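The chains referred to below are lettered A, B, ... by the order of the sequence lines, with proteins before strands, and numbering in each begins at 1. Just so it is clear, the structure is predicted and the values come from calculations on it, not from any experiment.
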Number of protein chains: 2
Amino acid sequence: MDTPADTPRVRDPTRTREKILDAAQALILDHGFAATTVDAVVGRAGITKGAFFHHFTSKSDLARALVERYAALDRAHLDERLARARKLSSDPLQQVLLLIALFEEEFASHQEPFGGCLFASYIYEAKLFDEATLEVLRDSTLLWRRVMLEALEKVAARYPPRREVDMEALADLFYSLTEGAFIMTRTLGDKSLLGRQARHLRTYLELLFGPAPEPPRTPAS
Amino acid sequence: MDTPADTPRVRDPTRTREKILDAAQALILDHGFAATTVDAVVGRAGITKGAFFHHFTSKSDLARALVERYAALDRAHLDERLARARKLSSDPLQQVLLLIALFEEEFASHQEPFGGCLFASYIYEAKLFDEATLEVLRDSTLLWRRVMLEALEKVAARYPPRREVDMEALADLFYSLTEGAFIMTRTLGDKSLLGRQARHLRTYLELLFGPAPEPPRTPAS
DNA sequence: GCGATTATACCGACCAGTTGGTATGTTGCA
DNA sequence: TGCAACATACCAACTGGTCGGTATAATCGC
């Protein structure tokens, strides 16, 4: 199905398609969808308009294809971290804490100028997209909720939370925090924000589900 | 300086200006800035293009004026809640908890279809705006950080936190959570999200700074 | 008070540049 | 040789912005 990458070819349709998607994504995250012109995309991808409309029937078609690729990557990424967290510990609480820590780790190591989230970009231009495209956003958001909720239910089953809490909202917390931190990062240009805020979520979960309340810290620390 | 509101006038420039800003804000939150045409704005505001360009020299001028109004309202709003929280309690921890609770309360009572945040809308089309406009976003974000940080420092001074925490990141949590919850709300159409997630932030602060660790809850609750 | 004068608020047709999209041609690979 | 993968030239629709003009309000001499 996939063509070998080492074979030099003049024409490589799947590669061309990816180049278009890459260019579009970078441009959209900075300018939004509406202000990202097809000409700008083909310019950045180093191709021509003819090639673009050979691969995509319209600009909206590009929008849908792009967000579908993004969602698939997002999902694969989440699954992979989840699998790693499960391998690293068998304790449900540790698994959740590790999952968050793995994301922290990654965001800290990112050296790119920083991307932001395509979902958020789309949702603030929601009226421009068709139902199928918006459905991808909903599905992705609900996937995060479901995954986190399942993980947290297991935690709560073993470690009764110290307070009665809204579990669904707790599950949504990581997604919300991530999106919010993306916005702050883009606004202030401080890449450390996401990791530092995710750290707080971990602390919260530790305090909420943690096995034993720590002794009060000495005032003169 | 200001004209009486009850006098019906054929011409009311300040009102016209506000109508333009209102129309623009509503359209921008749904379509983004680029896709919001001047024609659409004047159509919604019930005026003409001539009137628009009488009040604003360009579309970018509108963008700046709009975000400045939004930021001023945001700031006034924050100040008011802060003052209320301070009147309701003299305890620094209670003040912060009350501040968050006041926002929860308000978002729950909102019956509009829901707006979203203009700052977030702008930041995902950042390349379209000039430096002065983006500066408003930064200032507003830093204002939130400063206000929350000051409040939290007072809390920490009286109630040593149970864990060593990053205070600045803690201060940013509310802003992040709000922005993230806005995005989730727009995606899923569930207005309750923000309030429910803010509730978790309160719980976190209670657990972190709370006077005494609660006894572990009975497993069969 | 009041008419003349000026400044402000607003109108809507128009323009030049840009946009997404197409029609038609050319090139490389199976 | 046939067809997918591109390139080029082009178009109709739309965009932000302009401009000449008109109606209303504020100012001021008297």
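Of the candidate nucleotides D/dT8, C/dG21, C/dC10, C/dC10 has the atom nearest to the side chain of B/H55. For A/T16, whose side chain is taken as the heavy atoms from C-beta onward, the closest listed nucleotide among C/dC10, D/dC6, D/dT18 is D/dC6. Here D/dA5 is the nucleotide among C/dT22, C/dG12, D/dA5 with the atom lying nearest to any side-chain atom of A/P13. Checked against D/dT18, D/dA7, D/dA5, the side chain of A/A51 finds its nearest nucleotide in D/dA7.
Remark: A/R69 engages A/D22 in a salt bridge, criterion side-chain N to carboxylate O under 4.0 Å. Taking 4.0 Å as the cut-off between side-chain N and carboxylate O, A/D166 and B/R199 do not count as a salt-bridged pair. Using a 4.0 Å cut-off between charged side-chain N and carboxylate O, B/R196 and B/E104 make no salt bridge.
Interatomic distance, A/L78 CG to A/R75 CZ, rounded to the nearest 0.5 Å: 8.5 Å.
Residue B/H54 places at least one side-chain N or O closer than 4.0 Å to OP1 or OP2 of C/dA9. The phosphate of C/dT18 (OP1 or OP2) has no side-chain N or O of A/T37 nearer than 4.0 angstrom. Distances shorter than 4.0 Å separate none of the side-chain N or O atoms of A/S58 from OP1 or OP2 on C/dG20.
When heavy atoms are screened at a 4.0 angstrom cut-off, B/S60 is found touching no nucleic acid atom at all.
Of the two residues contacting DNA chain C, namely B/K49 and A/G50, the nearest-nucleotide position lying further toward the 5' end is that of B/K49.
Rounded to an integer number of Å, the gap from B/D12 CG to C/dT8 C1' is 13 Å. The NE2 atom of B/H31 sits 16 Å away from the C1' atom of D/dT15 (whole-angstrom rounding). Between the CG atom of B/D39 and the C1' atom of D/dC14 there is a distance of 9 Å, given to the nearest Å. Computed from coordinates, the A/L27 CG to C/dG20 P distance equals 12 Å when rounded to whole Å.
Shown here are the ring pair (Phe, Tyr, Trp, His ring centres under 6.0 Å) partners of A/H200, two or more places apart in sequence or in another chain: B/Y204.
One cannot find a donor-acceptor pair under 3.5 Å joining the base of D/dG17 and the side-chain atoms of B/K59.
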